[in-house]
Amino acid sequence: MFFAKAKKRALYLEQSIKELSANITELEKQNSVNLAILSSMAEGVIAVSKDIKILSINPAVEKVFNIDKKDFVGRFLLEVIPNNDIVDLITISLKNKEHISREIDLVWPVKKNFQVNAYPIFENSVISGCLIVMHDVTELRRLEAMRKDFVANVSHELKTPLTSIKGFVETLLEGALEDKENSRHFLKIIQDHADRLNNLINDLLDLSSFESKESGLDLEEFNLKDFADDVLFGFRAQLKKKDVTLTNDLPADIMIKADKDKIEQVLTNLIDNAIKFNKQHGFVRIYCQSQDDKIKVYVEDSGSGILPKDIPRIFERFYRVDKARSRELGGTGLGLSIVKHIIELHGGSVGVESAEGLGSSFWFTIPK
Ligand code: ADP
């Protein structure tokens, strides 16, 4: 009787141990899944106790705050991450027992913007800590700032010629119309401003169609030298006016597969600039280098050149080294950004080499 009872208890114990170890294995499995999720998350995750000591931190947070020591568990969050904004957010969430979200601009150790969410953690309806999830919104904010800048630039660029047109029309209506000589001069100014508005709107429409990826490429194979000769033909008057010599040193046998209309826009913009920003009696030369699977085309000029500080921004929309000079020459400040978009649509890249006072060499690559 005694042995039977003891055997039953032993069996029961063995069964319990088996169940327990199965549970532990299951928990371990669950834990490693959770750890893998936390480690692979792009968002930063921090768990703290209710006295704001660290329970865990995921690698995304370690990377942002440059935390290389692993002994942060149990330490005050502020010691490891010296950021009062995050601690304030946690304090409020713990006090109000509710989720709060706030944008925090980090200046140290990196300049970044985060949308930080603090969620209270409850254990048996009692608050035991707080979970912080940080979303990196730096890129979003950068794009928003760019969009705001763009809208401000466009409005300004449209407003300037419109104000002039309005002013001259009013002057004409107030009596200048009777003054034959001046009225012609005023009408010519109105025409110039209207042309500027037209150019600007055409450039903006081009840019927006490239950006919305609506414009597919109409690819065809053609001879680059012959094509460049056709484009150059249109610049005769401009070249003569400035006495600039233009040479087409492209080899006769280079064939490319590209969208002819768009490559015409690229060459037109680069050659127009090379003449516009050139000196009297200067030169422009077009030549190329053959690289593995692409051709690098150069448009070289003997113009004013570009300062090293301006070079990284030269392909940005509306970036002009000398705003007044660009406007005077009929520029919109969008030519180079259009060139960049078209070449990138073709899978190539653009750039410039320049020495101030000696000239510039704009280049683009195009797959063979
Ligand atoms: P735009 O010519 O209408 O002003 P772009 O986008 O074509 O606008 O060029 C932007 C700016 O880059 C110009 O305003 C000018 O300051 C500079 N730039 C472009 N091409 C040249 C060049 N060949 N030589 C010197 N500066 C240039």
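One-based numbering, in listed order, for ligands and for the atoms of each. Both backbone and side-chain heavy atoms feed into the values below; hydrogens, waters and symmetry mates do not.
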Geometric cation-pi criterion, Arg147 with Phe150: 6.0 Å, 45°: no
Residue pair Ile100 / Ser93: nearest heavy atoms and the distance that separates them: CD1-N, 3.7 Å
Pair Ser290, Lys368: side-chain N/O donor-acceptor within cut-off below 3.5 Å: yes
Test of proximity, Lys276 against ligand 1: N or O pairs below 3.5 Å: yes
Sub-4.0 Å heavy-atom approach of Arg325 to ligand 1: no
Structural part of Ile306 in contact with ligand 1, heavy atom criterion under 4.0 angstrom: side chain
Arg236 to Phe233 six-membered ring, cation-pi geometry met (6.0 Å, 45°): yes
Leu336 N/O under 3.5 Å from ligand 1 N/O: yes
Ligand 1 contacted by Phe362 (non-hydrogen, < 4.0 Å): yes
Of the listed options Gly303, Ser360, Gly359, closest to atom 24 (N) of ligand 1 (non-hydrogen atoms): Ser360
Structural part of Ser304 in contact with ligand 1, heavy atom criterion under 4.0 angstrom: side chain
Closest protein heavy atom to atom 13 (C) of ligand 1, given as residue, atom name and distance to 0.1 Å: Phe277 CZ, 3.6 Å
Closest approach of any protein heavy atom to atom 14 (O) of ligand 1, naming residue and atom: Arg320 CG, 3.2 Å
Protein contact of atom 4 (O) of ligand 1 - nearest heavy atom, named by residue and atom, plus distance: Ser326 OG, 2.6 Å
His99 and Tyr119 aromatic ring geometry - parallel, tilted or perpendicular at 30°/60° bounds: parallel
Taking atom 10 (C) of ligand 1 as the reference point, the nearest protein heavy atom with its distance: Tyr319 O, 3.3 Å
Point-to-point distance, once rounded to the nearest 0.5 Å, from CG of Leu270 to CG of Asp301: 10.0 Å
Nitrogen or oxygen of Thr332 less than 3.5 angstrom from that of ligand 1: yes
Polar contact flag for Gly333 and ligand 1 (N/O pairs, less than 3.5 Å): yes
Arg142 and Glu139 ion-paired at < 4.0 Å: yes
Atom 16 (O) of ligand 1: the protein heavy-atom neighbour that sits closest, reported with distance to 0.1 Å: Val321 N, 3.1 Å
Cation-aromatic face contact Lys53/Phe76, 6.0 Å, 45 degrees: yes
Geometric cation-pi criterion, Lys296 with Phe364: 6.0 Å, 45°: no
Selected option - heavy-atom contact closest to atom 7 (O) of ligand 1, from Asp301, Asn199, Ile314, Asn273: Asn273
N or O pair under 3.5 Å between Gly335 and ligand 1: yes
Under 3.5 Å donor-acceptor, Asp218 side chain and Asp259 backbone: no
